Amino acid sequence: MKKEEIISAIEGMSVLELANLVKELEEKFGVKASAPMMVGQITGGAAPVSQEQEEKTAFDVFLSSFGDNKIQVIKEIRTILPLGLKEAKELVESAPCEVKKGVTKEEGDEIKKKLEAVGAKVEIK
C-alpha cells in the first residue's frame with residue numbers, strides 16, 4: 001500500500017474509527033501518539049509558559065568593581081542615585097554591591113554604560 005492510499009483511507013474514516021485506529025497502533029508498536037501542542041492550538045488556548053521562559057522585566061544593577069577611577073565612579077553614582085557625597089563614596093567602596101534594584105532593561109543598560117564609561121565594572125542581573 002502506498003502513502004497516498006493510506007492517507008485516502010484515513011480521510012474516509014470517522015473520528016471514532018480514527019481514534020480506534022490510533023489506539024490499535026499505539027498498542028501494536030508500544031508508542032504513545034500525543035500532540036500536546038495540537039491540543040492548545042485546536043482549543044485556541046496557548047500552551048502554558050514556564051517561569052524560565054517568561055521574559056524578565058525587572059533587573060538589578062550591581063557594581064562589581066570601581067576600577068582605577070574611584071572619584072569619577074562616585075560622581076557618576078551621584079548622578080544616578082539621590083545620594084550625598086559620603087553615601088555615594090560608601091556605596092562605591094563597598095563594591096561588589098547593588099546600585100539600583102528593579103529597573104527596566106533599558107534603564108539598567110544606561111546605568112551600566114555610564115558607569116563603565118568612567119572605568120567601573122558593572123553587571124545586570
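Please read these numbers as outputs of a predicted model, since none were measured by experiment.
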Cys97 to Leu91 - nearest heavy-atom pair and separation: SG-O, 3.2 Å
Salt bridge (Lys or Arg N to Asp or Glu O under 4.0 Å) pairs, two or more places apart, involving residues 94-106: Lys100-Glu107, Lys105-Asp109
Minimal non-hydrogen separation, Leu115 against Val122, with atom names: CB-CG2, 3.6 Å
Glu27 side, atom CD; Leu25 side, atom CG - distance, nearest 0.5 Å: 9.5 Å
Approximate separation, where rounding is to 0.5 Å, of Leu85 CG and Glu90 CD: 10.0 Å
Salt bridge (Lys or Arg N to Asp or Glu O under 4.0 Å) between Lys28 and Glu24, worked out: CA-CA 6 Å; Lys28 178 167 179 92; Glu24 288 177 36; over 6 Å; no
Spacing of CZ belonging to Phe66 relative to CD1 belonging to Ile71, to within rounding of 0.5 Å: 10.5 Å
Let me check something: any side-chain donor-acceptor pairs from residues 73-84 under 3.5 Å, sequence neighbours excluded? List them with distances.
{"from": "Glu76", "atom 1": "OE2", "to": "Thr79", "atom 2": "OG1", "distance (Å)": "3.0"}
{"from": "Arg78", "atom 1": "NE", "to": "Leu83", "atom 2": "O", "distance (Å)": "3.2"}
{"from": "Thr79", "atom 1": "OG1", "to": "Glu76", "atom 2": "O", "distance (Å)": "2.6"}

Residue list, side-chain hydrogen bond (donor to acceptor under 3.5 Å, both in side chains) with Ser65, at least two apart or on another chain: none
Heavy-atom closest pair, residues Gly102 and Ala58: CA-CB, 4.1 Å
